[in-house]
**Student:** 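Before anything else, here's the structure in question.
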Amino acid sequence: MNHSTHADLRQEAEHFYCCLFGSEAPPALIMHYLAVHQCLTELSEVSVEHSRTLRIIIGRRLNAAAIEPWLRRKGRRHALTAKLLLVVYLAECGSGHIGFSRHVRVERGALIFAALRGLAGLCHGYYLRRYHGLV
Amino acid sequence: MDWFERVIVGSGPAGVAAARRMAGQGTCLIDVGDFPQQSFPHPSLQSALVGGDVEALLGRHWEMLANLIEPGCLHPKQRAAALRFVMQGVPFRVRDAAGEVIVHGAGSHAAGGMSNIWGAQLLRYTDDDLVDAGDWPYAISALEPYYADLETHIGISGQVDDMHGFLGGVIPAMPPVPMVPAAERLYANYLSCRNEKTKLRFLLGRSRLALATQATHGRFEHALGETEFFTSGQHGLYTARRTLEELKDAESITYMGRYQLLSWRESAEHVELDLRELVSGEHRTLRTHHLLLGCGTVQTARLILLHGKEQGRVLPFIDHPPTLLPLFLPGMFCSELPVRSFPVQLIATLPNNQSGNMISFYYPGGLLWSDLLPDIPLPMDASVRMIGALLGGMLVAQIWETSRPVPSNRLQLDEDGEVVIDYPVRLRCAALPYLLTALRPLGAYSLERFAVLSPPGWGFHHAGCLPMRHCPAAFETHVDGRLWNSKRVRVIDGSVLPSLPAKNHTLTLMANAARIADEVMRCGY
Ligand SMILES: Cc1cc2nc3c(=O)[nH]c(=O)nc-3n(C[C@H](O)[C@H](O)[C@H](O)COP(=O)(O)OP(=O)(O)OC[C@H]3O[C@@H](n4cnc5c(N)ncnc54)[C@H](O)[C@@H]3O)c2cc1C
């Protein structure tokens, strides 16, 4: 098991937020990210393998969102999935991101574009995972 | 020593249904359970999200994130702080065919029982249901007067449509909940196909809910604010707690809250109960002529095994773990999302299938969108951009099928007296391929591989441990609820139901509990 320091977690939150939403993470979200890690110890106790994957992704500034679907699994989640999901929850509940607005109507064109981008992201993620040997 | 003519243990749906029939001097209702300590401070999920109230949504101690790592470790409804008080009772675990523990559950431990977190779909069984499921010792006519009485008391919403016969042919007291656009489209497509005499393979209609869609008898209308996953005790949503409060207010019963039944001794003249007060831990003894056990199937079975000192004995156990299937109506993608909605929208059945089945269609808008993202096979950044547009054209089909006792699905106590449920046999959802085909002409699509089977135990339709029979064997019950070897101790909860038709079973277990209560009043001793 590897434990992350505050500085590691802060860096994680910033990088993951940027991969997901393409902008700088709000300070409140980073604060909550740290607090959740303090409270849910399972989240900080990451296996050696997962911790290596996280370190590579953050150190080399790889697109975490694109890689994550290839590490998804049934049952216990990969640390990357859990941490990205945590950022997503915090963004949704902190009212921080427009993507979660129940009032914004997405046009069909935008939906198709997002789906195509998602598929392209999947291909990119597949390549990144293979190239960097992420497990 | 305290004395009551009749004692009911458990203030869940079964307990209160019996208490209503026995209201009057000499009836005592005992429950170990708590009341909620917290509630959701927003009228709707939307308003909490707009306000960015992270604490209300995710919990002061991040309770809602409890299954971030292990998604299966907690039932989604128990994540919220305001709902956790419901399941803090005696623990049980469920093992699969490989002997792996797949569910860590706990008995309900709340005034009002599990109804505090239920989906409020209250349905009658019919004679066809009982014949299909098998082993029932009576015809549905035995329950009809009790169904009618309970429906009037509770206040049921719904409408008369193609599902009327399937749902027992009763006219609901209130109109159904408003439909979300996706459900509206599915229903409109169904009606137009039916009118065009297109060969339809299934029946579709509005569900029957214990939900006030109108203010009646001084009671509030439900606000439809999508808070079902965050709080209990919402105005207009019936739970057993409402009946409990009414009985207490009218002083028709004596209520002993926070008392746990530990054991009892039966003599020719009376039953003596050993109780423990939860806060002080003090023991108290109480005597009665009639003891009615309504602690919920698992807890009642446990008490009876402990009472008989039957550590090695196995009892049958039945559940209804449903199959969940996301359903897409592409024509409705990108449509405006409803501002107010309630999860259960439509109900259907495939009448020509070999075995009984029922499908409820849910609108998943009451969940946080983040809950749904790991199920979309795309990077999360793309899914976040798409989810709002997808939800407008999404429903979740929850498929229930008839469940019968199977010798290897069983409940027993381990060496520490804890409940262990082995559930190795899970039948594949036979209705699934037919449902997919039946929905296509209505413009609704999905794939078989998107279907998720809920783990056994999480169907929460627990039954069958102490089945009622005309001539009960050991660890079975008489049709009047008495234990096989008893004159004064009866079981009134789901454990006496011998098999489960493909419908939610709580209205039936309430009607059966009321019927048994009448037997007590009539028994003459
Ligand atoms: C998430 C969820 C959704 C559901 N949705 C539906 C639905 O839509 N429709 C439907 O029909 N059903 C639904 N159900 C099932 C329904 O809630 C149960 O069938 C019903 O509550 C069972 O009633 P009961 O009275 O037998 O037991 P419970 O509700 O479990 O009540 C048992 C009571 O006994 C008390 N008790 C237990 N042990 C002791 C003891 N030793 N001493 C004193 N008191 C004790 C408990 O505190 C509790 O109050 C749902 C359940 C869940 C969890």
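Chain letters run A, B, ... following the sequence lines, proteins first, then strands; residues in each count from 1.
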**Student:** Which bit of B:Gln46 is near chain A, if near means a heavy-atom gap under 4.5 Å: side chain, backbone, both or neither?
**Tutor:** side chain

**Student:** I'd like to know whether B:His42 forms a side chain to side chain donor-acceptor pair (under 3.5 Å) with B:Asp53, so could you lay out the CA-CA distance, the side-chain angles of the two residues, the decisive distance to 0.1 Å, and finally the verdict.
**Tutor:** CA-CA 9 Å; B:His42 298 273; B:Asp53 191 345; 2.7 Å; yes

**Student:** If we define contacts as heavy-atom pairs under 4.5 Å, which of B:Pro71, B:Ser383, B:Ala66, B:Ser335 has the most with chain A?
**Tutor:** B:Pro71

**Student:** Can you tell me which of B:Ala382, B:Ala389, B:Pro374 forms the most heavy-atom pairs within a distance under 4.5 Å of chain A?
**Tutor:** B:Pro374

**Student:** Heavy atoms only, distances under 4.5 angstrom: which of B:Ile69, B:Val54, B:Leu57, B:Val50 has the most pairs with chain A? Name it, please.
**Tutor:** B:Ile69

**Student:** Please classify the contact of B:Pro377 with chain A as side chain, backbone, both or neither, using a heavy-atom distance under 4.5 Å.
**Tutor:** backbone

**Student:** Check whether B:Leu58 gets within reach of chain A through its side chain, its backbone, both or neither, counting any heavy atom under 4.5 Å.
**Tutor:** side chain

**Student:** Which one of B:Met64, B:Arg385, B:His61 has the most heavy-atom pairs closer than 4.5 Å to chain A?
**Tutor:** B:Arg385

**Student:** Checking heavy atoms, do the side chain of B:Ile102, its backbone, both or neither come under 4.5 Å from chain A?
**Tutor:** neither

**Student:** Non-hydrogen atoms of chain B under 4.5 Å away: do they reach the side chain of A:Ala79, the backbone, both or neither?
**Tutor:** neither

**Student:** Fit a plane to each ring of A:His124 and A:Tyr127, take the angle between them on a 0 to 90° scale, and name the class: parallel (under 30°), tilted (30 to 60°) or perpendicular (over 60°).
**Tutor:** parallel

**Student:** Is B:Pro338 in contact with chain A via its backbone, its side chain, both, or neither, using a 4.5 Å heavy-atom distance?
**Tutor:** neither

**Student:** Measure B:Asn67 against the heavy atoms of chain A and call it side chain, backbone, both or neither at under 4.5 Å.
**Tutor:** backbone

**Student:** How are the rings of A:His50 and A:His78 set to each other: parallel, tilted or perpendicular (split at 30° and 60°)?
**Tutor:** parallel

**Student:** Can you tell me if A:Arg130 has over 12 outside heavy atoms packed within less than 6.0 Å of its CZ?
**Tutor:** no

**Student:** Measure A:Leu86 against the heavy atoms of chain B and call it side chain, backbone, both or neither at under 4.5 Å.
**Tutor:** both

**Student:** Under 4.5 Å heavy-atom distance to chain B, tell me which part of A:Glu68 shows up: side chain, backbone, both or neither.
**Tutor:** side chain

**Student:** Considering only heavy atoms, which portion of A:Arg108 lies under 4.5 Å from any heavy atom of chain B: side chain, backbone, both, or neither?
**Tutor:** both

**Student:** Kindly check if the number of other-residue, nucleotide or ligand heavy atoms within 6.0 Å of CZ (A:Arg72) is above 12?
**Tutor:** yes

**Student:** Between the side chains of B:Glu226 and B:Tyr363, does any donor sit under 3.5 Å from an acceptor?
**Tutor:** no

**Student:** Around atom CD of B:Glu70, are there more than 12 heavy atoms from other residues, nucleotides or ligands closer than 6.0 Å?
**Tutor:** yes

